[in-house]
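Have a look at the structure below before the remarks.
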Amino acid sequence: MASVSIDEAMRRAIALAARGLGTTSPNPVVGCVLLDTDGEVVGEGFHAYAGGPHAEIVALAQAGERARGGTAVVTLEPCDHHGRTGPCSLALIQAGVARVVVAVPDPNPVASGGAATLRAAGIQVEFGVRAEEAEAGNVAWLTSMRRGWPYVIWKYAATLDGRSAAADGTSMWITSEAARIDVHALRGTVDAVIVGVGTVLADDPRLTARNLRDGTLAIRQPLRVVVDSSGRTPDQARVRDGAARTWVATTAEVGAGPDGRVDLPALLAELHHRGVRAALLEGGPRLAGAFLAAGLIDKIVGYVAPKLLGNGPTALLDAGVTTIADVIDLEITDVTQVGPDLRITALPRKREG
Ligand SMILES: NC(=O)c1ccc[n+]([C@@H]2O[C@H](COP(=O)([O-])OP(=O)(O)OC[C@H]3O[C@@H](n4cnc5c(N)ncnc54)[C@H](OP(=O)(O)O)[C@@H]3O)[C@@H](O)[C@H]2O)c1
């Protein structure tokens, strides 16, 4: 087998890491490629699920003796702690690896320190190869670990004129089945789905990740969170159906913000505490406005249907903007056609000052 460059090996490790997206939480996605002394690939691995073997351990098991004197190329700094599995730093030392090339340092204070342990054992450690790409592949986990609250994606569906429901309140099926299937796949990649009690009262959604054709539930279900200041969620609401865990977050439990409603930063801190690293905010317009006004949205995924309503509520209500100078600027990062609809992905630009 031909030798590969460190850069190529890291590209492969990043692709491997992506295979764990949606199943590793509260852990990160990680990929590892092991090269022998001639630069040939002798082992590959990725972290597939929390509690399962780490990427380095999988790759080392494949490589066996051929890891000795070789190079481990890994997307995230190897862990240094005894969690559900042993420290990867120790496994790399015991395998006799000579060099470890890392894309991104581990911001998790519990697990970091792997590089220092490896260096103390005489192993050469380098950081920064394809760091931006590796960072993007792990953005939700890295962001949430660095700041202590989940990465929040606001998802909405609207007509081309920005309406989220008709004047009579009906809002089901604004977008196509293809777009709804896409949303269920998106739900499968997050740890929690959040809605306001207004959406529960209006639409009575299930908020599970499931196969839309036959109703089969995905194996891993996000926590369903209803933001409900005074506990108005009915006992018979579908979100309480037992198909997945549900948390009705009230001010009594979370605390109240200045407007007397659920304190959103406190809500997110509690979700982080419960292991939520990525959350999908699915509305409605009032709660989404409050999240945006508080600067708590990291990414926006809008499904725009080629339909017009001309009347009815808009997809977004008060987001704290009253003058054009305060407009929330977005950077569009992707536009994809999903069935007849457009899926637009955008990042809010950070406000100055
Ligand atoms: N097209 C879409 O993508 C989409 C998605 C979802 C919903 N919808 C539509 O949106 C409509 C419902 O709109 P909505 O605005 O009433 O729903 P919502 O945003 O889901 O719920 C709003 C409610 O959340 C509660 N809440 C708790 N803490 C809050 C806080 N800090 N900030 C803001 N709200 C807080 C408030 O009730 P309390 O004060 O009682 O807590 C508030 O009235 C429905 O017609 C639904 O079909 C459309």
Linked, directly or transitively: [X] and [Y] (ILVMFWY side chains, under 4.5 Å):
X	Y	result
Ile328	Val152	yes
Leu292	Ile332	no
Trp149	Leu223	yes
Leu118	Val104	yes
Leu280	Ile194	no

Self-check item: Qualifying side chain to side chain donor-acceptor pair (under 3.5 Å) pairs, either residue in residues 298-307, two or more places apart
Solution: Arg147-Asp298, Asp182-Tyr303

Of all heavy-atom pairs between [X] and [Y], which one has the smallest distance, and what is that distance?
X	Y	value
Asp191	Gly275	OD2-O, 4.1 Å
Val193	Glu282	CG1-OE2, 3.5 Å
Val102	Pro78	CG2-CD, 3.9 Å
Pro150	Val276	CG-O, 3.5 Å
Ala315	Ser164	CA-CB, 3.6 Å
Gly137	Val29	O-CG2, 3.6 Å

Has [X] got a side-chain atom pairing as donor or acceptor with [Y]'s backbone, closer than 3.5 angstrom?
X	Y	result
Thr24	Ala50	no
Asn138	Leu142	no
Arg119	Val125	yes
Thr37	Gly69	no
Arg277	His272	yes
Gln337	Leu342	no
Asp36	Glu40	yes
Arg130	Ala103	no
Thr170	Ala166	no
Glu77	Asp106	yes

Exercise. Apply the test side-chain contact (heavy atoms from CB on, under 4.5 Å) to residues Asn27 and His47: give CA-CA distance (whole Å), side-chain angles for both, the deciding distance (0.1 Å), then the verdict.
Key: CA-CA 9 Å; Asn27 291 346; His47 184 44; 3.1 Å; yes

Within the 4.5 Å heavy-atom criterion, are [X] and [Y] side-chain neighbours or not?
X	Y	value
Thr117	Pro87	no
Val97	Thr71	no
Leu201	Pro234	yes
Leu35	Ile6	yes
Asp241	Arg224	yes
Arg213	Ile181	yes
Ser25	Trp141	no
Ile297	Leu281	yes

Quiz item: Is the OH atom of Tyr49 crowded by more than 12 outside heavy atoms at less than 6.0 Å?
Solution: no

Exercise. Evaluate the side-chain contact (heavy atoms from CB on, under 4.5 Å) criterion for residues Ile153 and Ile300: first the C-alpha distance (whole Å), next the side-chain angles of each, then the deciding distance (0.1 Å), finally the verdict.
Key: CA-CA 6 Å; Ile153 305 165; Ile300 299 168; over 6 Å; no

Nearest 0.5 angstrom please: [X] [atom1] to [Y] [atom2], how far?
X	Y	atom1	atom2	answer
Leu308	Arg163	CG	CZ	10.0 Å
Leu268	Leu296	CG	CG	5.5 Å
Arg220	Thr189	CZ	OG1	8.5 Å
Thr199	Arg286	OG1	CZ	9.5 Å
Thr75	Phe46	OG1	CZ	12.0 Å
Glu135	Ile14	CD	CD1	11.0 Å

Quiz prompt | Salt-bridge criterion met for Glu44 and Arg19 (N-O under 4.0 Å) | solution = no

Quiz item: So, Arg238 and Asp203, do they make that salt bridge, N to O below 4.0 Å?
Solution: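 Here Arg238 does not pair with Asp203 in a salt bridge, since their nearest N and O are not under 4.0 Å apart.
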
Exercise. Establish, for the pair Arg274 and Trp247, whether the NZ or CZ atom is under 6.0 angstrom from the six-membered ring centre and no further than 45 degrees off its axis.
Key: yes

Quiz item: Which pairs, with at least one residue in residues 47-65 and sequence neighbours excluded, count as a salt bridge (Lys or Arg N to Asp or Glu O under 4.0 Å)?
Solution: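 Non-adjacent pairs meeting salt bridge (Lys or Arg N to Asp or Glu O under 4.0 Å): Glu65-Arg68.
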
I'd like to know if the side chain of [X] pairs up with that of [Y] as donor and acceptor (distance under 3.5 Å, no hydrogens or angles considered).
X	Y	value
Thr175	Asp341	no
Thr208	Arg210	yes
Ser5	Asp7	no
Thr233	Asp228	yes

Quiz item: Run the side-chain contact (heavy atoms from CB on, under 4.5 Å) check on His54 and Val58 step by step: do they pass?
Solution: CA-CA 7 Å; His54 289 187; Val58 178; over 6 Å; no

Exercise. Mind running salt bridge (charged side-chain N to carboxylate O under 4.0 Å, His left out) on Arg11 and Glu8 for me, showing each step along the way?
Key: CA-CA 5 Å; Arg11 195 169 55 190; Glu8 277 174 78; 5.1 Å; no

Quiz item: Can you list the steps and then say if Asp38 with Ser3 is a side chain to side chain donor-acceptor pair (under 3.5 Å)?
Solution: CA-CA 6 Å; Asp38 296 327; Ser3 65; over 6 Å; no

Quiz prompt | Candidate pair Leu267 and Val227, rule side-chain contact (heavy atoms from CB on, under 4.5 Å), full reasoning | solution = CA-CA 9 Å; Leu267 172 85; Val227 188; 4.0 Å; yes

